[in-house]
Amino acid sequence: MNSQLNVLGCRAGLVFAQNLKLTQLARSGRIEEAIALFHGMITRNTVTYNSMISAYAKNGYVVDARILFDQMPRRNLVSWNTMVAGYLHNDCFSEAAELFERMPTKDSYSWTLIITCCTRNGELDKARFLFDRMPVEKSSACYNAMISGYAKGRRYKDAIELLYSMPNKDFVSWNSVLSGYIRNGDMVMGLKFFHQMPERDVVSWNLVVEGLVKAGDLVTASEFFKRITSPNVVSWVTLLNGYCKKGCIVEAREIFDQMPKKNVVSWNAMIAGYVQHLQVEEAHRLFTEMPERNAVSWTTMISGYVRIGRLNEARNLLDMMPIKNVAAQTAMINGYVQSMRMNEAHQVFREISVRDSVCWNTMISGYVQCSRMDEALKMFMNMPKKDIVSWNTMIAGYAQDGQMDKAIDLFHQMPKKNTVSWNSVISGFNQNGLFIEAIRHFWLMRKLGCDPDWSTFASALSGCANLAALLVGMQLHSLLLKSGHDNDFFAGNALITMYARCGRISAAQQVFDEMISVDLVSWNSLIAGYASNGSGGTVISIFQEMTNKGVAPDEVTFVGVLSACSHAGMVDEGLKFFYSMSKDYSITPVAEHYACMVDLLGRAGRLAEAVKLVMTMPIRSSAGIWGALLSACRLHKNPKLANLAANKLFEFEPHTTSNYVLLSNIHAEAGRWNEVERVRVLMKQKGVHKQTAHSWIEIKNEVCVFSSDDSGQPVSAEVLTVLAALSSQMRNIGHKFNYPLVGCG
DNA sequence: ATAGGGTTAG
């Protein structure tokens with residue numbers, strides 16, 4: 001009897017110890033060892049099962065956790081809570097809520113879980129509804145969950161109101177509100193709240209240091225750091241990270257060396273700092289020196305080698321990694337994706353045991369970059385839980401691939417849209433020439449309560465630039481000033497282009513002058529602006545100004561400069577720049593530059609030289625080059641050469657109506673009616689139709705569309721009268737018309 | 001063994 005009891009006692013002791021070990025393994029991410037231990041155990045009690053459920057869930061194996069939960073012999077309240085927490089940990093909100101509903105009994109843990117579930121899912125009011133009606137006594141944790149939810153959702157008033165009504169406030173309560181301010185970037189309010197707090201612990205101080213670091217104010221951040229009475233590892237790492245992000249890697253290293261206690265996170269942060277500054281060798285030295293490495297250390301190193309393009313070293317590390325995790329494998333996939341090596345990317349992807357949304361998204365974006373949209377879609381469809389990034393990647397992919405209909409289709413299907421989703425469709429419309437749709441979606445986005453960012457403004461402004469929609473462009477300009485995104489390069493540069501394309505070059509110049517700092521794109525936009533406005537001399541002086549300031553021109557700069565010369569008839573200057581770009585700036589001319597040169601020589605009537613340039617150039621010809629030649633043929637009435645240029649042009653653009661029309665007109669003007677007929681037959685053969693040209697204007701928020709030969713317009717007669725008056729005025733001041741202006745609606 | 005605030009990697 002006694003010995004039997006002893007055996008039982010020993011067994012109980014063993015189970016207790018093994019349960020403890022299980023929890024420890026789970027906490028340090030050693031899930032394989034935990035599984036082995038669990039399966040090797042002779043006796044298991046409810047606590048064992050609970051620990052294992054938690055172990056699975058905390059390491060991403062939420063399905064296995066559920067299987068064990070369903071299989072275990074007896075479930076207690078903690079088992080149910082653990083499973084709900086497991087779902088919550090893996091962002092499975094609906095599963096968590098479903099299980100919560102089925103719970104036989106609920107304690108304050110359960111209620112805290114469901115409230116957290118709602119707040120994390122953005123359902124703040126539902127959370128509050130449950131909070132107000134929960135039948136068990138509210139713990140501090142429960143209050144804190146609700147307060148934290150409010151604060152994270154920027155509902156500071158609600159958060160503080162609840163905080164003040166709470167009976168036993170602790171540090172977590174105060175820090176939850178503070179964290180909301182800091183994480184949302186509301187530093188001014190955050191600091192004010194910090195000073196109002198009755199007492200502060202290390203976490204409070206760390207939060208403020210974090211906020212200051214994020215705002216880029218390292219001086220104040222280190223002042224606050226110095227005032228912390230006993231800084232912990234988190235305080236040190238936060239400051240260290242701040243110096244790394246600011247590019248002060250030497251100072252970061254000093255902080256690292258000064259740290260009284262280092263843990264894995266400290267080493268990882270320092271390694272990440274070196275990786276960010278592309279000092280991957282130094283990072284690797286620390287990596288080999290550090291006392292213990294975790295998955296983050298390996299992942300940081302792998303992504304470091306990926307960043308500098310050394311995929312072999314990255315792959316070696318991944319192969320050496322003892323227990324591979326998704327993050328490390330995704331970093332590797334990212335490397336292959338960037339080099340378009342999709343087969344190798346897919347091989348790594350196949351080896352991943354638990355696939356999260358990030359690794360799926362990386363694969364999708366890989367196929368998108370290779371324009372393999374069918375495979376991207378296959379991935380997207382196979383993905384078990386799509387997140388907002390997956391949707392946005394697909395939408396941007398279709399837009400880039402010219403399949404705007406599919407992009408819009410997905411956009412309408414997606415459950416929740418963010419700014420990036422809107423940006424993808426808006427810039428997609430622009431890329432596909434649907435500028436009106438781009439602008440319409442900008443207003444729609446604002447109407448539906450989504451905030452545009454600098455990228456939205458840049459896209460919408462680009463739409464205006466292409467439509468020469470000055471009034472809308474000016475409206476966007478003032479919205480941009482109000483939004484606070486006006487100091488951004490992209491938005492500023494888009495403004496320059498918008499004003500220039502709307503013919504307001506002085507406004508473009510003013511935007512340029514008022515920008516806090518300009519980049520190469522700003523210079524290029526200004527140059528292109530003056531170029532299209534025909535101010536060749538100004539372009540040349542701006543070009544000199546920018547090179548004097550030490551800004552090196554690129555290919556785009558020269559497209560602007562050369563087209564300026566061509567528009568202003570400055571042939572010699574153009575030729576000089578063309579030769580100088582490769583000689584002085586070592587920029588190899590591409591098709592666009594040759595097109596400018598053909599245009600330049602062609603306009604000047606030097607057709608033979610233009611042809612010679614095309615025949616001797618070391619690159620493949622393009623539609624732009626032959627198009628420029630064809631236009632020159634019209635200007636200088638050379639139907640023979642026109643036939644040659646047109647034949648080449650049709651190889652590139654067999655279905656572009658305007659090319660055929662141009663050729664036909666050249667022959668018509670020369671009275672070569674046989675040739676005109678030949679072009680007509682050619683168009684019929686190729687199935688090209690002469691499209692009815694149309695244009696539109698906006699009057700009092702209504703769009704009026706005009707097309708040629710359209711007498712159905714209600715205002716046609718009026719328009720025609722005005723047109724006739726304008727034509728006669730133009731004729732009076734000496735303008736000659738190529739065609740009689742008839743039939744314009 | 002389960003819930004609320006703070007650090008690092010994809």
Side-chain angles (χ1 to χ4, degrees), chain A residues 16 19-20 22-23 26-27 45-55 57-58 76-86 88-89 106-117 119 138-149 151-152 170-180 182-183 201-211 213 232-242 244 263-273 275-276 294-304 306 325-335 352 356-359 361-362:
Chain A
F16 184 82
N19 286 347
L20 211 68
L22 208 54
T23 324
R27 266 197 210 130
N45 57 22
T46 307
V47 175
T48 316
Y49 282 100
N50 292 349
S51 304
M52 197 58 220
I53 290 170
S54 171
K58 281 206 174 118
N76 62 14
L77 181 53
V78 175
S79 321
W80 286 88
N81 284 342
T82 307
M83 194 59 234
V84 174
L88 198 57
H89 188 88
K106 294 167 180 132
D107 64 356
S108 84
Y109 276 67
S110 330
W111 285 98
T112 306
L113 280 165
I114 195 65
I115 286 164
T116 310
C117 180
T119 60
K138 295 171 185 59
S139 62
S140 296
C142 198
Y143 270 98
N144 293 341
M146 193 63 234
I147 292 172
S148 164
K152 276 185 190 142
D170 56 15
F171 281 118
V172 179
S173 328
W174 293 95
N175 288 340
S176 298
V177 179
L178 182 61
S179 163
I182 303 288
R183 290 280 160 100
D201 68 353
V202 209
V203 176
S204 331
W205 284 93
N206 289 350
L207 276 167
V208 175
V209 174
E210 185 199 321
V213 157
N232 61 11
V233 191
V234 177
S235 333
W236 282 95
V237 172
T238 308
L239 192 69
L240 170 67
N241 193 244
C244 288
N263 63 6
V264 208
V265 179
S266 329
W267 286 86
N268 288 346
M270 194 63 239
I271 289 177
V275 161
Q276 273 160 34
N294 66 7
V296 176
S297 332
W298 288 91
T299 308
T300 312
M301 273 320 299
I302 292 172
S303 68
V306 161
N325 71 349
V326 218
Q329 286 162 311
T330 306
M332 194 63 238
I333 291 178
N334 220 346
I352 298 176
D356 61 5
S357 52
V358 181
C359 74
N361 293 342
T362 309

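Below, chain A is the first sequence line, B the second, and so on; all start at residue 1.
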Problem set entry | Between B/dA1 (P) and A/F16 (CZ): distance, integer Å | 7 Å

For this session: For A/T330 and A/N361, run side chain to side chain contact (heavy atoms under 4.5 Å, CB included): C-alpha distance rounded to whole Å, both residues' side-chain angles, the deciding distance at 0.1 Å, then the answer.
Result: CA-CA 10 Å; A/T330 306; A/N361 293 342; over 6 Å; no

Seminar exercise, completed: A/I333 CD1 to B/dA9 C1', in whole Å, measures 15 Å

Exercise. Just checking A/S139: base, sugar-phosphate only, or nothing, at a heavy-atom cut-off of under 4.0 Å?
Worked result: base

For this session: Between B/dG4, B/dT8, B/dA1, spot the one nearest the side chain of A/S51, thanks.
Result: B/dA1

Exercise. Between B/dG6, B/dA1, B/dA3, which nucleotide has the shortest distance from any of its atoms to the side chain of A/N50?
Worked result: B/dA1

Exercise. Between the side-chain atoms of A/D170 and the base atoms of B/dG5, is any donor-acceptor pair under 3.5 Å?
Worked result: no

Exercise. Choosing from B/dG5, B/dA3, B/dA1, which nucleotide comes nearest the side chain of A/V203?
Worked result: B/dG5

Exercise. Of all the choices, B/dT8, B/dT2, B/dA1, which nucleotide is nearest to the side chain of A/N81 once you look at every atom?
Worked result: B/dT2

For this session: Provide, to the nearest angstrom, the distance between the CD1 atom belonging to A/I302 and the P atom belonging to B/dA9.
Result: 15 Å

Problem set entry | Integer-rounded Å distance: B/dA9 P and A/W298 CH2 | 19 Å

Seminar exercise, completed: Hits for ring pair (Phe, Tyr, Trp, His ring centres under 6.0 Å) against A/W267, two or more places apart or cross-chain, chain-then-number order -> A/F256

Exercise. Does A/D201 get its side chain close enough to the base of B/dG5, under 3.5 Å, for a donor-acceptor pair?
Worked result: yes

Exercise. Can you tell which of B/dG6, B/dA9, B/dT2 lies closest to the side chain of A/A327?
Worked result: B/dA9

Exercise. Reckon A/Q329 touches a base, only the sugar-phosphate, or nothing at all at heavy-atom distances under 4.0 Å?
Worked result: nothing

Exercise. Between B/dA3, B/dG4, B/dT8, which one does the side chain of A/S140 approach most closely?
Worked result: B/dG4

Exercise. Which atom pair, heavy atoms only, marks the closest approach of A/C117 to A/L88?
Worked result: CA-CD1, 3.4 Å

Seminar exercise, completed: Picking from B/dG5, B/dA3, B/dG6, the nucleotide nearest the side-chain atoms of A/N206 would be B/dG6

Problem set entry | Value in whole Å for how far the P atom of B/dA3 lies from CD1 of A/I115 | 15 Å

Exercise. Roughly how many Å is it from CG in A/N76 to P in B/dA3, rounded to a whole number?
Worked result: 14 Å

Seminar exercise, completed: Of B/dT2, B/dA1, B/dG4, the nucleotide closest to the side chain of A/A141 is B/dG4

Exercise. In this structure, which one of A/N268, A/I271, A/V264, A/N325 forms a side-chain contact (heavy atoms from CB on, under 4.5 Å) with A/V296?
Worked result: A/N268

Problem set entry | Selection from B/dA1, B/dG5, B/dA9 that lies nearest to any side-chain heavy atom of A/Q276 | B/dA9

Seminar exercise, completed: Winner on side-chain proximity to A/T116, out of B/dG6, B/dG4, B/dT8, is B/dG4

Exercise. CE of A/M146 versus P of B/dG4: gap in Å, rounded?
Worked result: 15 Å

Exercise. Which part of the nucleic acid, if any, lies within reach of A/N263 when heavy atoms closer than 4.0 Å are counted: base, sugar-phosphate only, or nothing?
Worked result: nothing

Exercise. Are A/K138 and B/dG4 close enough that a side-chain N or O sits under 4.0 Å from OP1 or OP2?
Worked result: no

Problem set entry | Partners passing side chain to side chain contact (heavy atoms under 4.5 Å, CB included) against A/V234 (at least two apart in sequence or in another chain) | A/N206, A/N232, A/T238

Problem set entry | Value in whole Å for how far the P atom of B/dT8 lies from CE of A/M270 | 15 Å

Exercise. How close do A/S235 and A/V202 get, heavy atom to heavy atom, and via which atoms?
Worked result: OG-CG1, 3.8 Å

